[in-house]
Structures are given as C-alpha cells and as structure tokens.
Amino acid sequence: MSQLNVNIPSAGADRYTIHIGSGLLGSVPAQLEKDFSGLSKFVVTDSNVVAAGHLARLLGKAQVGTYIIDPPGEGSKHIDTVVSIIEAMEKASLGRDTLIIALGGGTVGDIAGFAAAIFKRGVKVAQIPTTTVSQADSSVGGKTGVDSTISKNAYGAFRQPQVVYIDVETLKTLDDRQYRSGLVESVKHALIADDEYFDYLKKNMPAILDRDCDVLEQVAYTNCRIKAAVVAADPTEQNKRRILNFGHTIGHAVESASKFSLLHGEAVAIGIIGAELIAQKMGFAAPDRLKRIQEALSMLSVPLKIPKGLQKEDLFDIIKRDKKAVNQWPKFVLLDKIGHVYFKDGQWAHDVGQQIVDETLDRLYL
Ligand code: GLY
C-alpha cells in the first residue's frame with residue numbers, strides 16, 4: 001500500500017491524500033468515519049458497480065444513504081441526473097455537513113463531484129475510482145461536470161476531492177474493453193511526462209493485462225504522481241495543465257461524433273496518433289517515434305484509426321467548439337520527445353493550421 005499527497009498551493013484548503021492499495025475498499029468507511037467524523041456520508045455510484053459487488057464491499061453492514069445511477073455510463077452524464085441526486089440528498093435532509101462518496105468510474109466521479117460542487121453551494125467529496133480510466137486520471141485533479149445535448153462537460157466545476165482511495169483489486173471485475181481503453185490514459189501520462197514509465201508500461205504490459213495487483217499498484221502510483229504534479233502546478237488549467245489533454249482534442253471529437261460508441265480511451269488513442277501525425281508534419285517528431293507509440297497502443301488492442309462512418313465535417317465542427325478554443329480553433333498539445341511536451345514562448349499548447357488538421361484527419365481514417 002502506498003500513499004501520495006497532493007498539494008494545491010493556490011488554494012490552501014486543497015490538500016489531499018491518495019491512498020493506493022489492493023483490497024482496501026472494506027477499510028475505507030472506518031477511515032472516513034475517523035477523518036470526517038462530523039459529516040453525514042452519501043454514496044453516489046452506478047448499477048455496474050453494484051453488480052460488481054464493490055458497493056457491498058465498501059459498505060458492509062454500514063447504513064449510508066446511496067444514489068445508484070442507472071443506466072450507467074456516459075448516457076446518464078447529464079444535468080437531470082445531478083438534479084435527481086441533489087433532490088435525493090434533500091429528501092434525506094442532508095445539509096452542508098455532508099461528504100459525498102463517489103464510488104465508480106469516470107462518469108460517476110464527474111457527476112458526483114459536480115453534485116458536490118453545487119449542492120448547498122458546495123460540500124466535500126471523496127473519490128473511490130474503480131476503473132482504469134478513473135484510477136489513472138479523472139479521480140485526481142478536481143475536474144467535475146456533465147454533458148449538455150451539444151457537448152461534453154458543458155456544465156462543470158473544479159471540486160478537488162478531500163481524499164482519494166484507489167483499490168486496484170476493483171479492476172479485476174472490469175469489462176475487458178473498458179479495462180484496455182482506460183489504460184490509454186496511462187500511456188498518455190508516460191508520453192507527456194516520463195519516458196522510463198513508457199518503457200515500463202511496454203515491458204510490463206502482459207502483467208498489466210493479466211491484472212497483476214502489484215504491477216497495477218505501481219501503475220496507479222506513477223499515474224497519480226505525474227497527474228498530481230501537473231495539477232498542483234496549474235489547478236485550473238491556465239497553461240501547463242493543458243498537457244493532460246494530449247490526444248484529447250481530436251480524441252474528444254471522435255468520441256462525441258461516434259455518439260460514445262467509442263470509449264473515451266479508444267478515442268484518445270486515435271487522438272494521440274493524430275497529435276503525432278501533426279508533430280511529424282510540423283517537423284519535430286523523430287522518424288521512429290510514431291511507430292513506438294503505435295506499438296504501445298496496439299498492445300492494448302485499441303483502434304488507432306477513425307471509423308469510416310464518422311464524417312470529417314462533424315469532427316471539424318466539434319473541434320471548433322472545443323472548450324479551450326479561441327476564435328473557434330483550439331491549440332494543440334504536441335510532444336517534442338517521448339516523455340516531454342513541446343514548450344515554446346511560455347506555452348504548452350500551440351497553434352496548428354486548419355489545413356494540417358484537415359490532412360491529419362484524412363490520414364487517420366480507416
Ligand atoms: N483529464 C485532464 C485533466 O484532468 O486535466
């Protein structure tokens with residue numbers, strides 16, 4: 001079992017510990033009772049997590065108010081779900097002295113975190129991620145939100161958790177496609193921050209795919225170390241935090257245009273290849289780099305090409321509406337080498353002409 005402290009210097013209260021271990025779920029309520037004794041607890045989870053037995057393992061015999069999101073997944077990540085959660089909490093007479101416990105994947109964490117950000121002007125939240133994508137990425141850093149009918153995370157707030165518990169054993173029951181897709185965020189962390197971690201992931205991929213808990217603990221720890229350092233440097237994404245969006249500009253567009261038939265990590269894998277093609281075109285990618293990245297992503301059996309059914313015009317429209325777009329065109333995060341993001345003129349994200357993106361999308365089609 002290991003533990004990491006996240007310190008957010010610009011917001012004194014935002015300092016929290018990430019606990020990482022195998023089989024720690026059952027000990028969490030007692031720990032939360034000790035650390036947050038004056039607060040009422042309210043669990044937000046989803047029906048997949050309940051079916052996997054994680055809610056029962058977490059709560060044992062403890063009686064805790066619970067909201068179960070059903071159906072699970074991105075389709076429920078909208079404002080009506082947040083309204084239902086808040087009304088369930090009101091019916092349970094909960095007040096500002098509440099700790100919301102988000103137990104589940106990225107969707108649960110995003111919805112529960114957003115409910116915590118706005119319920120009675122804000123209550124505390126603990127994140128207990130149970131998927132590869134949420135353990136690597138979304139449970140740490142305080143991004144919360146839900147989708148509108150037009151775009152992803154259109155409603156959102158920063159709400160740093162009070163504590164994060166990562167139990168890698170919860171990954172044992174995760175569906176194989178979700179499992180592999182979520183690991184793309186680990187590859188992303190390696191690509192933006194740590195070339196040794198990139199080699200580690202490649203070397204240990206058989207054990208990772210075998211869900212070896214010792215290796216998974218190491219993976220979780222390294223992801224959190226990388227992510228926490230970036231978040232602490234730039235909690236509200238003014239500049240450096242953008243590097244966490246590597247592969248996400250094209251990735252989000254592909255994910256939305258596929259109407260979420262592609263999973264987040266699958267779409268990000270395509271986006272990473274897109275970012276690499278752009279870097280190649282702009283002349284700062286060594287010739288073998290794309291191949292090395294393709295090899296690593298291929299080990300996860302995720303798609304690396306845009307499915308034929310998606311229209312390029314739709315992708316372009318979504319890219320123009322990207323949250324970070326200025327004058328309807330986003331900046332792109334690009335690598336200058338594996339383990340390091342291209343940094344120029346004080347900026348971590350860069351202008352890329354529409355023509356280059358157009359040609360890149362062409363090259364990305366199946
Ligand atoms: N997932 C990107 C971030 O947390 O900034």
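Order of appearance sets the numbers: ligands from 1, and atoms from 1 within every ligand.
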**Asked** Could Arg211 and Tyr179 be counted as a cation-pi pair, given that NZ or CZ must be under 6.0 Å from the ring centre and within 45° of the axis?
**Response**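 Yes, Arg211 lies over the aromatic ring of Tyr179.
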**Asked** Can you say whether the rings of His248 and His252 are parallel (under 30°), tilted (30 to 60°) or perpendicular (over 60°)?
**Response**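 Geometry flag for His252 against His248: perpendicular rings.
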**Parallel, tilted or perpendicular, as decided by the 30° and 60° cut-offs, for the rings of Trp348 and Phe343** =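 Tilted: the ring planes of Phe343 and Trp348 meet at 30° to 60°.
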**Request:** Using distance alone, determine whether Arg241 and ligand 1 share an N or O pair under 3.5 Å.
**Result:**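 Yes, at least one N or O pair falls under 3.5 Å.
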**Message:** With respect to Lys143, determine whether any N or O atom, backbone or side chain, lies less than 3.5 Å from an N or O atom of ligand 1.
**Reply:**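 There is such a contact, yes.
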**Message:** Could you walk me through whether Glu359 and Arg363 satisfy the salt bridge (Lys or Arg N to Asp or Glu O under 4.0 Å) test, starting with their C-alpha distance in whole Å, then the side-chain angles of each, then the deciding distance to 0.1 Å, before giving a yes or no?
**Reply:** CA-CA 6 Å; Glu359 286 164 17; Arg363 289 181 66 194; over 6 Å; no
**Asked** So which heavy atom in the protein is nearest atom 4 (O) of ligand 1, and how far is it from that ligand atom?
**Response**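 Its nearest protein heavy-atom neighbour is Lys227 NZ, 2.6 Å.
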